[in-house]
Asks: 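Here it is, the structure in full.
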Amino acid sequence: MPIRSSLFKHAWIIQSAPPPPQVTPVDAAGGASVRFSPAWDLLCMQEFLLERTGHTCRLIDTRCYETIDAALNQLNEPPDPRATQVAVIHATQNTMESAAGIAAIIKKQYPHVITIMCGPLSTSFPEVIGYLPDFDFGLAGDSEVVLRNLLEFLDIEHRLKLVPGLIIPGKISKGPHWVKDLSSLSLPEWYRIDWHPYLNAHNIRGIRVEARISRGHPGTRQDFPWPSPDEPFRIWPLQPLAQLMQKCSGHGISEIFFTDPPGCWTTEALTSWNRHLKTLRNTQPWAFQMMPRHIPVELMSELAGNACRRIEFIIPSCNDELCKKLGIELTDRELMAMFASLKKLNINPQIKYWVHGPGEAGGEVSRLLQHIRSMGYPSLSIYPFPLHHDSLLYRELHGKVKNTAPFSSWIEWAQHPDQSTPPPPCWGGATGVQECNEIIQTLHRKLKRNPWRKLKRMIGVITGKRGSIGFSDHTSPGTN
C-alpha cells in the first residue's frame, strides 16, 4: 500500500548521540581537541530543504537534552499539523544504537511519523536498514537529493522504487547516489541554528564548529584510516564557503575547524582556499587537521594572514615504519622546524597522537614520551587509533588484527541495546580497549609528573557526553 501524504512535508532532522567512551582520551591543548556542535552534514541538509524545496524542517540534537524522550517532545508540536511528518535520523557506526533507539521511540509514541536513516552508516552499510525494523527508509549517498526525491514521491509507489540512493527494506539496494557538483547542494546559514545549547561551561570562549571544505575520500595513503572510501572526492564552491566564514559574527562561533581527511589539504588546495579568504579579507579564526607534511614558508605566511590560528597534526604512530606505510615522510626534525616557523607567525601547531593502532609493537609509551620530548612538549591530545569498518585500512587488514570486533557485533548491539554492551571500538577488541586505556593513563601520569614539561597546567581528561574537560589544576579549557 502506498503511503498517503500531504503535498508538503515537515522533516525533523535528528542528531543521535554516541555512547560513553570506553577509552578516555587526554587533552593537553587547552581543550582544542574538544568540539561540540551540530553535524555539518545535517546543517547542510537543513539549509537544502529550506532553500531548495517547499518543505519545512527543524534540527533536534539529542545530545542537548537529558533524555531522548525530552528531545522528541517537539514532535507533539509540528509547525503545521496538516503536513506529513518525517524523522531523518543521522547515524554513524558509533551512534547506531542511539539512532535505533530514537526510531523505536518514534514508532511507539509517534506512529504517524515516517522514520528515515541518513549519514555514513546507511551509505556504507545499507544492509543495516533490514536489521533495524523501526526504520521505514534509508538514504545512501548525498542525502539531501535522495531525501528531496523521497518526499516528492512518498505516495507514488512506482516512482518511489526508482529513486536513486533510496534504501527500501526488503528491496535490493540501488547503491548510493552522488551529485557531481556540490554547487547543486546548500551550505548552512548560521542564523538558522540555535547556538545557545552549545555554549556550555566549557565553551565560554565560543563554539568550535566542525565543518568541511570537501565531501568524499581523497584516496591517498594518509586517508586510509578514514571512513567512506567509496565516496567520490569533491570540493565545495570556495567563494560561498569563504563568505560563510564572514557570517560567524554574532553567533558565538570562536573557530571553524575543518575536519576533512588529510589528503584534502594539498598545497594547491590550501593556496586556492587562502586566495578566496584573502579576497574577502577574512578575520574569522579557523583551523584544520592534517598528517605531517611539508608546508612552504610562503604558504604558512598566507595562512597566518587569513586568520588560520591552529593546525592539528595527527601522528598515527611513533613507529617510523608504520608512519611510512601511511604516507608520512616528514622527519621529526623537519616537523619541529616547521612548528617553529608556524609559531613565529602566531599559528599554534598542535599534535593529536593516535595510540594502539594496528601493527603497533610493544614499548609504545616509551616511543610516545620520546617523541613528545623531542618535539619540545607541544600542545597535544591523545586518542585511540580510530576503527572504521568501511575504511581502506580495515579492508586491507581485515582478519589480520586479532580480536577486533566485526561489524556484525555493532548490528547486534543496535538490535538489543538493553541486552548487550557496546562492542569494543578499538583495534584488538576488548583487549585493545584495556591496553589503550593503560597507555593513555600512563602517559597522562608521566606527563603530569614531568618537571620539565611546559604544559603542566593544561593537562586534562575528557569526560562527559558533551566532551567536556576536567582539568587537574582547574585551569580554564580556553587557556593557552
Side-chain angles (χ1 to χ4, degrees), residues 2-16 38-61 75 78-80 83-92 95 99 102-103 106-107 110 112-126 128-129 132 134-157 159-169 171 173-189 192-193 212 215-216 228 231 234 236:
I3 302 172
R4 301 305 304 173
S5 66
S6 59
L7 292 178
F8 65 100
K9 321 293 190 302
H10 179 77
W12 302 100
I13 302 176
I14 302 176
Q15 177 151 346
S16 52
W40 173 252
D41 287 348
L42 294 189
L43 297 182
C44 294
M45 175 184 288
Q46 175 181 251
E47 186 60 28
F48 180 87
L49 287 176
L50 295 174
E51 179 189 25
R52 297 175 184 257
T53 75
H55 309 299
T56 58
C57 65
R58 185 181 298 170
L59 178 64
I60 300 175
D61 191 337
L75 274 65
D80 190 327
T84 300
Q85 296 184 60
V86 302
V88 187
I89 305 168
H90 187 265
T92 66
T95 65
I102 292 169
I106 291 175
K107 280 302 176 189
Y110 310 95
H112 59 285
V113 177
I114 299 164
T115 52
I116 305 165
M117 180 189 289
C118 73
L121 183 64
S122 55
T123 295
S124 293
F125 303 99
V128 301
I129 300 299
L132 303 177
D134 292 309
F135 283 100
D136 297 309
F137 301 101
L139 311 178
D142 292 313
S143 298
E144 300 98 318
V145 178
V146 185
L147 177 60
R148 179 185 61 190
N149 292 334
L150 167 60
L151 297 180
E152 293 299 319
F153 303 130
L154 193 56
D155 54 356
I156 308 175
E157 187 174 10
R159 294 289 299 275
L160 201 62
K161 295 177 181 178
L162 302 177
V163 172
L166 180 63
I167 306 167
I168 303 175
K171 306 292 183 181
S173 174
K174 294 176 282 294
H177 174 69
W178 309 110
V179 299
K180 294 182 179 180
D181 188 347
L182 296 185
S183 62
S184 62
L185 303 180
S186 299
L187 290 167
E189 288 288 353
R192 297 195 193 274
I193 298 112
R212 283 195 60 166
R215 277 194 182 182
S228 306
E231 180 175 354
R234 298 147 297 163
W236 281 99

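Computed from a predicted model, the values in this text were never measured in an experiment. For reference, positions follow the sequence shown, starting with 1.
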Asks: How close do Cys44 and Trp236 get, heavy atom to heavy atom, and via which atoms?
Replies: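 What the structure gives for the nearest pair is SG-CZ2, 3.9 Å.
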Asks: Name all residues meeting the ring-ring contact (aromatic ring centres under 6.0 Å, His included) criterion together with Phe125; count only those two or more places apart in sequence or in a different chain, and write none if there are none.
Replies: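 Expected list: Phe407.
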Asks: Considering non-hydrogen atoms only, spot the tightest contact between Ile116 and Phe135 and give its length.
Replies: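 The answer is C-CD2, 3.8 Å.
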Asks: In Å and rounded to the nearest 0.5 Å, what is the NZ to CZ distance from Lys161 to Phe153?
Replies: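 Reported value, rounded in 0.5 Å steps: 15.0 Å.
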Asks: Let me confirm one number: the CD-CG distance from Glu144 to Leu147, rounded to the nearest 0.5 Å.
Replies: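 The distance works out to 8.5 Å.
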Asks: Restricting to non-hydrogen atoms, name the atom on Cys57 and the atom on Leu50 that form the minimum distance, rounded to 0.1 Å.
Replies: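 In this case the closest contact between Cys57 and Leu50 is SG-CG, 3.7 Å.
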Asks: When you measure from the side chain of Thr92 to the backbone N and O of Pro120, does any donor-acceptor pair fall under 3.5 Å?
Replies: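 A pair under 3.5 Å: no.
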Asks: Does Pro78 have any side-chain contact (heavy atoms from CB on, under 4.5 Å) partners at least two apart in sequence or in another chain, and if so, which?
Replies: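 Pro78 satisfies side-chain contact (heavy atoms from CB on, under 4.5 Å) with Trp12, Gln85 only.
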Asks: Any side-chain heavy atom of Ile60 within less than 4.5 Å of one from Leu75?
Replies: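 Yes; the side chains approach each other to less than 4.5 Å.
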Asks: Filter on salt bridge (Lys or Arg N to Asp or Glu O under 4.0 Å), then keep only pairs touching residues 48-58, sequence neighbours left out; what's left?
Replies: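 Listed by first then second residue: nothing to list.
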Asks: How about Ile102 and Ile14: do any of their side-chain heavy atoms sit closer than 4.5 Å?
Replies: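 Answer yes - side chains close enough.
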Asks: Run Lys180 and Trp178 through side chain to side chain contact (heavy atoms under 4.5 Å, CB included) and show every step you take.
Replies: CA-CA 6 Å; Lys180 294 182 179 180; Trp178 309 110; over 6 Å; no
Asks: Indicate yes or no for a side-chain donor-acceptor contact from Thr123 to the backbone of Gly141 under 3.5 Å, with no hydrogens or angles considered.
Replies: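 Flag set: sc Thr123 to bb Gly141 pair under 3.5 Å.
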Asks: Evaluate Leu185 against Val145 for side chain to side chain contact (heavy atoms under 4.5 Å, CB included), listing each step before the verdict.
Replies: CA-CA 8 Å; Leu185 303 180; Val145 178; 3.7 Å; yes
Asks: Compare every heavy atom of Val179 with every heavy atom of Asp142, then report the nearest pair and how far apart it is.
Replies: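 Nearest heavy atoms, Asp142 then Val179: OD2-N, 2.8 Å.
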Asks: Sequence neighbours excluded, which residues qualify as side-chain contact (heavy atoms from CB on, under 4.5 Å) partners of Asp41?
Replies: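 In terms of side-chain contact (heavy atoms from CB on, under 4.5 Å), with neighbours along the sequence ignored, Asp41 is linked to Arg215.
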Asks: Taking the side chain as everything from C-beta on, heavy atoms only, tell me whether Leu154 gets closer than 4.5 Å to Phe137.
Replies: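 Sidechains of Phe137 and Leu154: in contact.
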Asks: side-chain contact (heavy atoms from CB on, under 4.5 Å) with Leu59: which residues, sequence neighbours excluded?
Replies: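 Result, side-chain contact (heavy atoms from CB on, under 4.5 Å) vs Leu59: Ile13, Pro38, Leu42, Leu43, Gln46.
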Asks: Are any non-hydrogen side-chain atoms of Leu151 and Thr53 less than 4.5 angstrom apart?
Replies: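 No, too far: nothing below the 4.5 Å cut-off.
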Asks: Would one find more than 12 heavy atoms of other residues, nucleotides or ligands at under 6.0 Å from atom CZ of Arg159?
Replies: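 Not more than 12 within 6.0 Å, no.
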Asks: With side-chain contact (heavy atoms from CB on, under 4.5 Å) as the test, pick out the partner of Ile114 among Ile106, Val88, Asp136.
Replies: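 In the set Ile106, Val88, Asp136, the residue that makes a side-chain contact (heavy atoms from CB on, under 4.5 Å) with Ile114 is Asp136.
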Asks: Got a sec, which residues hit salt bridge (charged side-chain N to carboxylate O under 4.0 Å, His left out) with Glu189, two or more places apart in sequence or on another chain?
Replies: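 If we apply the salt bridge (charged side-chain N to carboxylate O under 4.0 Å, His left out) test to Glu189, skipping adjacent residues, the hits are Lys247.
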Asks: Under a 3.5 Å distance rule, please check whether Ser16 uses its side chain to pair with a backbone N or O of His90 as donor and acceptor.
Replies: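 Checked: pair present.
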Asks: For the atom pair OG (Ser143) and CE (Met117), what is the distance rounded to the nearest 0.5 Å?
Replies: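 Reported value, rounded in 0.5 Å steps: 11.0 Å.
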Asks: Could you tell me which non-hydrogen atom of Lys107 sits nearest to which non-hydrogen atom of Val113, and how far apart they are?
Replies: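 The pair with the smallest heavy-atom distance is NZ-O, 3.4 Å.
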Asks: Can you measure from CD1 (Ile89) to OG1 (Thr95) and round to the nearest 0.5 angstrom?
Replies: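 Spacing of CD1 (Ile89) from OG1 (Thr95) equals 10.0 Å.
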Asks: Identify the two heavy atoms, one from Ser186 and one from Phe48, that lie closest to each other, and give their separation to 0.1 Å.
Replies: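 Minimum heavy-atom separation between Ser186 and Phe48: OG-CA, 3.5 Å.
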Asks: What distance separates Leu166 CG from Ile129 CD1, expressed to the nearest 0.5 Å?
Replies: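 Spacing of CG (Leu166) from CD1 (Ile129) equals 9.5 Å.
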Asks: Got a second to check how far Leu150's CG is from Ile167's CD1, nearest 0.5 Å?
Replies: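 CD1 of Ile167 is found 11.5 Å from CG of Leu150.
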Asks: Please determine which of Glu152, Lys9, Arg148, His10 meets the side chain to side chain donor-acceptor pair (under 3.5 Å) test together with His55.
Replies: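 Only match with His55 under side chain to side chain donor-acceptor pair (under 3.5 Å): Glu152.
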